[in-house]
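First comes the structure, then the notes that go with it.
No experiment lies behind these values; they were computed from the predicted model shown. Numbering starts at 1 and runs along the sequence shown.
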Amino acid sequence: MSKNKKKGEAIIAKPELRKRLGELFEQHPGSCYNYKQVAKHLEVKNMETKRLIVEVLEEMRDAGELLEETPGKYRSKAIGSYVTGIVDLTAKGAAYILSEESKDDIFVAFPNLRHALNGDKVKVWVYARRRNSRPEGEVVEILERKRTTFVGIIQRSKNYAFLMPSGKQLPYDVFVPLAQLHGAKDGDKVVVEITEWPEAQKNPVGTVIQVLGKPGDNDTEMNAIMAEYELPVAFPTKVLKASERIPMELPADEVARRKDFRKAVTFTIDPKDAKDFDDALSVRKIKNGLYEIGVHIADVSYYVAPDTALDKEAYNRATSVYLVDRTVPMLPEKLSNGVCSLRPDEEKLCFSAVFKMNDNAEVLEQWFGRTVIKSNRRYTYEEAQAIIEGNAGDYKEEILLLNDLAQKLRAERFKNGALDFDHVEVKFDLDEKGKPLGVYFKESKEANKLIEEFMLLANKKVAEKVGKIKGNQKEKTFVYRIHDKPFDEKLEEFNKFIGRFGYGLKLGSRKALTSSINGLMQKVKGRPEQNMIETLAVRTMAKAVYSTMNIGHYGLAFEYYTHFTSPIRRYPDIMVHRLLQRYLDGGRSANRDRYEEWCKHSSEMEQLAANAERASIKYKQVEYMSDKIGQDFIGTISGVTQWGFYVELDDSKCEGLVSITELEDDYYEFDEKNYCIVGRHHGKRYQLGDKVKVRVAKANLVARQLDFVLAEVVKKQERQMREEKWEKREKRGKKKNKGRK
């Protein structure tokens with residue numbers, strides 16, 4: 001008896017072997033295999049079958065069923081193609097590949113991802129497509145990792161440790177050798193960098209690069225959010241040293257070169273907790289009943305020269321990040337809160353847009369250039385608002401004049417078709433340890449809108465100055481803030497949906513559409529469906545981004561628009577200052593490709609910062625609700641998915657999930673088109689915008705998730721439990737009575 005037969009492994013007959021090989025290559029059409037790899041897949045160990053595999057592979061090649069890519073390595077000859085794209089992971093671990101080379105997204109099952117993670121750039125083999133089926137494929141190569149660092153909690157045993165990831169970015173635990181813990185203890189929240197990931201191994205191997213602290217601690221969680229989105233917190237030493245070398249005093253020769261606004265009435269209006277003041281307004285009455293209005297912006301580009309350590313760090317960050325309890329600035333504090341900040345009674349260097357205006361808020365003349373100013377007063381929004389509402393105060397006449405002009409600018413903007421979305425901003429009252437004591441909503445009043453309108457005016461006029469071409473002039477490279485028109489399909493769906501509530505949009509001209517959207521926003525104010533309709537309206541819109549290719553700003557109804565007014569907290573504004581000065585000096589057009597790359601980076605970092613800000617709000621909402629387990633609240637259904645629906649509480653705007661598994665009175669199905677889930681048997685529906693009463697069931701701080709249950713379901717369960725108790729008592733009573741007889 002042969003050695004192989006002693007082991008009990010039967011030799012596979014040739015027809016059966018050919019069938020199995022066909023199935024293997026059909027399932028993996030993008031993969032190349034030699035006979036050893038085929039044997040491993042088929043779990044073949046005996047040499048006789050291995051020799052037969054070689055023979056069958058050659059026969060399939062000769063028959064045109066397989067291609068021999070390199071000597072001894074074969075792949076399927078099925079008609080397909082390779083594409084390059086970005087991985088978009090789903091909640092269940094599979095993915096869609098987003099590719100400019102494919103009209104449709106390509107589905108890749110979890111086993112075929114080959115360790116590709118969310119955001120990775122990959123090469124995918126797209127299978128031959130069956131009629132009316134979605135395109136499917138498999139990852140054949142990871143071209144570029146989006147990220148290699150992940151946040152999670154260390155679980156340590158005697159001989160090894162694992163990182164349990166806390167986000168959705170990594171669907172695997174990371175093996176961490178004890179020697180790579182670097183001081184991390186069991187239960188610590190840490191940042192781990194993946195160092196290796198062998199193809200045959202399910203879990204990646206990593207090393208701890210930062211110990212954040214204990215889960216639940218405020219500083220730990222805020223730093224964890226920053227790390228989760230790979231946003232930097234601390235500045236490198238060389239950047240801090242560079243900022244410390246900058247003097248607070250203004251160089252006399254630089255002041256002499258600039259237009260002097262130190263004697264003009266100038267002030268800042270900012271939030272009460274603001275520390276960096278990057279914009280100020282000046283007001284001067286001039287002859288013929290006209291006004292000179294100066295929009296003065298901190299001249300960051302004077303202090304941050306291109307390609308310096310400060311500039312490179314500002315570019316990498318691209319934006320300040322505003323978490324619930326702190327600001328993580330783009331520039332070191334010496335610059336953001338000191339040298340560049342337009343603090344009262346201090347002379348400061350600015351880049352200014354100065355307008356000669358009449359009583360109708362029409363711009364008759366404009367000037368752009370470098371200035372020196374001295375702010376007379378720092379106002380909070382609340383202080384300026386009190387003056388607008390009739391209270392006495394410094395520079396009352398100037399504030400009322402600016403408010404009057406701002407209202408006229410605003411009216412003109414809406415007349416031209418600007419959209420009016422008033423977003424509710426959630427704020428928290430925090431104690432000294434960052435624990436939320438209460439929730440309040442930030443309301444935008446006239447003082448906020450006064451500043452907004454003059455910033456919009458400056459941004460618009462700066463963009464027009466460079467972008468508007470006269471005669472035979474050539475277009476110059478510039479950084480625009482662009483906003484595309486809404487998606488037609490989404491608009492039509494939205495219009496059908498709001499029709500059920502008796503509303504409708506005019507989908508004809510741009511002006512008709514925007515005025516009907518603004519009218520809709522006014523009509524729904526105070527209505528139960530307000531939040532739902534506002535949320536859905538925003539979802540129909542494209543996102544605003546930075547680009548050198550100007551298409552205008554749809555939401556603002558501006559043909560030309562940029563970001564010029566916040567260089568302390570936004571890198572694109574620094575780019576705009578540099579380009580504007582270059583062109584004012586008669587310089588040639590800058591390299592478009594380079595600036596487009598910088599625009600793309602700035603847009604991506606802006607999105608990451610917004611995600612981090614939302615995550616910090618979500619964390620504080622969950623923390624705020626964590627001592628309210630078992631309490632009932634009224635809320636509005638704010639989102640519907642296949643796994644349940646989200647409810648936003650009316651009094652705090654905290655959002656939690658009612659899982660579909662908690663709805664036991666029927667089998668519920670997700671109706672995506674109608675934003676609802678519907679009971680299959682009784683037809684009961686839970687729809688976006690419905691009011692419901694919920695009970696707080698769980699507050700998971702680690703996952704930043706609130707779980708709700710419907711209060712009516714809880715009451716039903718409680719009633720059933722009481723009834724069951726009574727039934728048991730009655731049964732026990734009957735048994736006792738029987739025993740006595």
Strictly distance-based, threshold 3.5 Å: is any side-chain N or O of [X] a donor or acceptor partner for the main-chain N or O of [Y]?
| X | Y | value |
| --- | --- | --- |
| K275 | S336 | no |
| S616 | V324 | yes |
| S589 | T477 | yes |
| R582 | R588 | yes |
| T562 | V479 | yes |
| E383 | T380 | yes |
| E613 | Y322 | yes |
| Q210 | V190 | no |
| K396 | N391 | yes |
| K348 | S341 | yes |

Is K476 positioned over the aromatic face of Y583, cation under 6.0 angstrom from the ring centre and no more than 45 degrees off axis? yes

Checking R317 against Y315: charged group under 6.0 Å from the ring centre and within 45 degrees of the axis? no

Run the side-chain donor-acceptor check on residues 277-286: report pairs under 3.5 Å with partners two or more places apart or on a different chain.
| residue | atom | partner | partner atom | Å |
| --- | --- | --- | --- | --- |
| S282 | OG | G294 | N | 3.4 |
| S282 | OG | H296 | NE2 | 2.8 |
| R284 | NE | E292 | OE1 | 2.8 |
| R284 | NH2 | E292 | OE1 | 2.9 |
| K285 | NZ | E397 | OE2 | 2.8 |

Do [X] and [Y] have side-chain heavy atoms sitting under 4.5 Å apart?
| X | Y | result |
| --- | --- | --- |
| F150 | V191 | no |
| K461 | Y560 | no |
| R258 | S352 | no |
| N416 | E412 | yes |
| M226 | V321 | yes |
| R570 | T565 | yes |
| Y395 | I387 | no |

Between V295 and F355, does a side chain to side chain contact (heavy atoms under 4.5 Å, CB included) hold up when you go through it step by step? CA-CA 8 Å; V295 180; F355 306 107; 4.1 Å; yes

Test: [X] and [Y] ion pair at under 4.0 Å:
| X | Y | result |
| --- | --- | --- |
| R262 | D260 | yes |
| R594 | E597 | no |
| D188 | K214 | yes |
| K543 | D484 | no |
| R481 | E606 | yes |
| R326 | D219 | yes |
| K449 | E452 | no |
| K146 | D120 | no |
| K374 | D345 | no |
| K618 | E623 | no |
| E453 | R410 | yes |
| E254 | R257 | yes |

Just checking, is any N or O donor in the side chain of [X] or [Y] under 3.5 Å from an acceptor N or O on the other one?
| X | Y | answer |
| --- | --- | --- |
| N218 | T220 | no |
| D429 | Y624 | no |
| T327 | S320 | no |

More than 12 foreign heavy atoms under 6.0 Å from [atom1] of [X]: is that the case here?
| X | atom1 | result |
| --- | --- | --- |
| E333 | CD | no |
| K259 | NZ | yes |
| K121 | NZ | no |
| E559 | CD | no |

Checking salt bridge (charged side-chain N to carboxylate O under 4.0 Å, His left out) for the pair E221/K189: CA distance, chi angles, key distance, verdict? CA-CA 9 Å; E221 296 300 340; K189 202 158 203 175; 2.8 Å; yes

So which heavy atom on [X] is nearest to which on [Y], and how close?
| X | Y | result |
| --- | --- | --- |
| V211 | H182 | CG2-O, 4.1 Å |
| S566 | I297 | N-CG2, 4.4 Å |
| E446 | Q385 | N-OE1, 3.2 Å |
| P332 | S243 | CB-OG, 3.7 Å |
| L556 | H553 | N-ND1, 3.1 Å |
| L331 | P567 | CD1-O, 4.2 Å |

Rounded to the nearest 0.5 Å, what separation is found between the OG1 atom of T548 and the CD1 atom of I482? 8.5 Å

Mind jotting down which residue pairs meet the side chain to side chain donor-acceptor pair (under 3.5 Å) criterion with at least one end in residues 225-236? Sequence neighbours excluded, please. T149-E230, E228-R704

Examine [X] together with [Y] and report whether their ring centres are nearer than 6.0 Å.
| X | Y | answer |
| --- | --- | --- |
| F564 | F351 | yes |
| H563 | Y546 | yes |
| F478 | Y480 | yes |

I would like to know whether K312 and D307 meet salt bridge (charged side-chain N to carboxylate O under 4.0 Å, His left out); could you show each step before the answer? CA-CA 6 Å; K312 287 172 184 173; D307 297 323; 5.7 Å; no

Please determine whether salt bridge (charged side-chain N to carboxylate O under 4.0 Å, His left out) holds for the pair R578 and D573, giving the CA-CA distance in whole Å, both sets of side-chain angles, and the decisive distance to 0.1 Å. CA-CA 9 Å; R578 287 174 181 162; D573 301 55; over 6 Å; no

I'd like to know whether Y561 forms a side chain to side chain contact (heavy atoms under 4.5 Å, CB included) with H483, so could you lay out the CA-CA distance, the side-chain angles of the two residues, the decisive distance to 0.1 Å, and finally the verdict. CA-CA 9 Å; Y561 188 65; H483 183 224; over 6 Å; no

Step by step, work out the side chain to side chain contact (heavy atoms under 4.5 Å, CB included) result for H577 and V462. CA-CA 10 Å; H577 282 211; V462 165; over 6 Å; no

From CA spacing to verdict: side chain to side chain contact (heavy atoms under 4.5 Å, CB included), F267, I399: CA-CA 10 Å; F267 43 78; I399 286 177; 3.8 Å; yes

